[in-house]
*Asks:* 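Let me begin by handing over the structure; questions about it come next.
A note on names: the letters A, B, ... follow the listed sequences, proteins ahead of strands, and every chain is numbered from 1. Keep in mind that this is a model prediction, so the values were computed, not measured.
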There are 2 protein chains.
Amino acid sequence: MKRRNTPTKAAVLSLLAGADSAMSHDMLLEMLEDSVDRATIYRILNRFCADGVVHRVLADDGKQYFALCEDCAQQTEHSHNHFHFRCLTCSRVECLGTEVSVNLPSGYRAENFNGVISGVCSRCG
Amino acid sequence: MKRRNTPTKAAVLSLLAGADSAMSHDMLLEMLEDSVDRATIYRILNRFCADGVVHRVLADDGKQYFALCEDCAQQTEHSHNHFHFRCLTCSRVECLGTEVSVNLPSGYRAENFNGVISGVCSRCG
DNA sequence: ATATTATTGCAATTAAGTCGCAATAATTGA
DNA sequence: TCAATTATTGCGACTTAATTGCAATAATAT
Ligand SMILES: [Mn+2]
Ligand SMILES: [Mn+2]
Ligand SMILES: [Zn+2]
Ligand SMILES: [Zn+2]
């Protein structure tokens, strides 16, 4: 199933590229110019994840946030082992630069990393 | 509002104490002897969290898991800065011992830590 | 231009968790 | 021991996030 280029896909990608923080589904829904169906946005985001274009963060507010893969994609092995910070005041979710390495007990194989720290960011502090 | 002791509360606590992994709401619902309402279990767990008896983990399957506070309660400052591992095969969620310290950008204040790594555990490997 | 099929919109559905309210039962203390 | 107080429970309705089936639409290839 080869991907096709659609206006909505392009618009979502451009929003993610222009954002300085990870975006949730409803943020995108709100920011998109022409009205798009909710399900469509979910599907576009899921495709982006599958294609390694964005990574998904499940935050502690129970919502998924999506961020364009940038630094994480430039690893030798594309991994998303970095934390995200969610501000309880302004509700921005941002990637925290440094990759973290967790050493698991022997015999454990890591497949996915999901690290979120919530608190108050500097601009809301 | 002072807490009262009820059979269900005791049963949930004993299940958590006897478990070798964090438990989700539906696991508890299934394991409880006499049938208990879903909402009651949620409320008991939320009270345990408020009282610092258990800690809550939001895993990357979108469910909440609860683990008795043991090591985490013995810190000078009771904190839950440790990762949890969720096995994609047996779906057990367990606390990974070591406390991790994340250094946030200056001006950021951490309130809550939620770290989950999913993959395959040693017994399923 | 036509055929193929990925993508979309819409409505229905799933899943996790919360909430209001009346009934129940744990605690207190007379 | 009994009655009063009120935390807790059960039940149903509700909220929110996300997924899914299906027919219609539109991007791509020939
Ligand atoms: Mn990435
Ligand atoms: Mn704890
Ligand atoms: Zn903020
Ligand atoms: Zn396992």
*Asks:* Find the distance Met27(B):CE to dA16(C):C1' and express it as a whole number of Å.
*Replies:*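 It is 15 Å, rounded to the nearest whole Å.
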
*Asks:* List in chain and number order the residues that pass side-chain contact (heavy atoms from CB on, under 4.5 Å) with Ala73(A), two or more places apart in sequence or in another chain; answer none if no residue qualifies.
*Replies:*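 If we apply the side-chain contact (heavy atoms from CB on, under 4.5 Å) test to Ala73(A), skipping adjacent residues, the hits are Cys69(A), His78(A).
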
*Asks:* What salt bridge (Lys or Arg N to Asp or Glu O under 4.0 Å) pairs are there with at least one residue in residues 72-85 of chain A, not counting sequence neighbours?
*Replies:*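 Pairs touching residues 72-85 of chain A that pass the test: none.
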
*Asks:* Between the opening five pairs and the closing five pairs of the helix from dA1(C)-dT30(D) to dA30(C)-dT1(D), how far apart are the helix axes, to 10°?
*Replies:*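 The helix from dA1(C)-dT30(D) to dA30(C)-dT1(D) shows an end-to-end axis angle of 30°.
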
*Asks:* Does Thr40(B) place a side-chain N or O at less than 4.0 Å from the phosphate oxygens OP1/OP2 of dG10(D)?
*Replies:*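 For dG10(D), OP1 or OP2 has a side-chain N or O of Thr40(B) closer than 4.0 Å.
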
*Asks:* Which letters describe nucleotides 17-26 of chain D, given B = protein heavy atom under 4.0 Å from base, S = only from sugar-phosphate, - = neither?
*Replies:* SBBBB----B

*Asks:* With Ala67(A), which residues qualify under side-chain contact (heavy atoms from CB on, under 4.5 Å), at least two apart?
*Replies:*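 Checked Ala67(A) against side-chain contact (heavy atoms from CB on, under 4.5 Å); matches are Ala22(A), His55(A), Cys95(A).
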
*Asks:* Any side-chain N or O of Thr6(B) less than 4.0 Å from the OP1 or OP2 oxygen of dT9(D)?
*Replies:*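 Yes, Thr6(B) has a side-chain N/O under 4.0 Å of OP1/OP2 on dT9(D).
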
*Asks:* Angle class for the Phe113(B)/Phe83(B) ring planes (parallel below 30°, perpendicular above 60°, tilted otherwise)?
*Replies:*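 Rings of Phe113(B) and Phe83(B): perpendicular, over 60°.
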
*Asks:* Is Thr8(B) near enough to dT8(D) that one of its side-chain N or O atoms lies under 4.0 angstrom from OP1 or OP2?
*Replies:*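 So the side-chain polar atoms of Thr8(B) never come under 4.0 Å of the phosphate oxygens OP1 or OP2 of dT8(D).
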
*Asks:* Round to the nearest Å and state the distance from Ile41(B) atom CD1 to dT18(C) atom C1'.
*Replies:*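 About 15 Å, once rounded to whole Å.
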
*Asks:* Looking at the rings of His25(A) and Tyr42(A), which for Trp means the six-membered one, are their centres under 6.0 Å apart?
*Replies:*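 They qualify: ring centres under 6.0 Å apart.
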
*Asks:* Looking at residues at least two apart in the chain, or sitting in another chain, which of them share a salt bridge (Lys or Arg N to Asp or Glu O under 4.0 Å) with Asp26(B)?
*Replies:*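 Partners of Asp26(B) by the salt bridge (Lys or Arg N to Asp or Glu O under 4.0 Å) criterion, ordered by chain and then number, come out as Lys63(B).
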
*Asks:* Applying salt bridge (Lys or Arg N to Asp or Glu O under 4.0 Å) as the test, list every pair that has at least one member in residues 115-125 of chain A; sequence neighbours left out.
*Replies:*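 Qualifying pairs, neighbours excluded: none.
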
*Asks:* Taking the nucleotide of DNA chain C with the nearest heavy atom to each, does Pro7(A) or Lys2(B) sit closer to the 5' end?
*Replies:*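 That would be Pro7(A).
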
*Asks:* For Pro105(B), check side-chain contact (heavy atoms from CB on, under 4.5 Å) against everything at least two apart and list the hits.
*Replies:*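 Residues passing side-chain contact (heavy atoms from CB on, under 4.5 Å) with Pro105(B): Leu96(A), Tyr108(B).
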
*Asks:* Would you mind listing every salt bridge (Lys or Arg N to Asp or Glu O under 4.0 Å) that reaches into residues 88-111 of chain B, with sequence neighbours excluded?
*Replies:*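 Residue pairs with at least one partner in residues 88-111 of chain B: Asp20(B)-Arg92(B), Arg92(B)-Glu94(B), Arg109(B)-Glu111(B).
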
*Asks:* Would you say a side-chain N or O of Arg47(A) is under 4.0 Å from OP1 or OP2 of dT8(C)?
*Replies:*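 Arg47(A) to dT8(C) OP1/OP2: side-chain N or O found under 4.0 Å.
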
*Asks:* Measure the distance from CD1 on Ile44(B) to P on dA26(C) and round it to the nearest whole Å.
*Replies:*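 Rounded to whole Å, this separation is 12 Å.
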
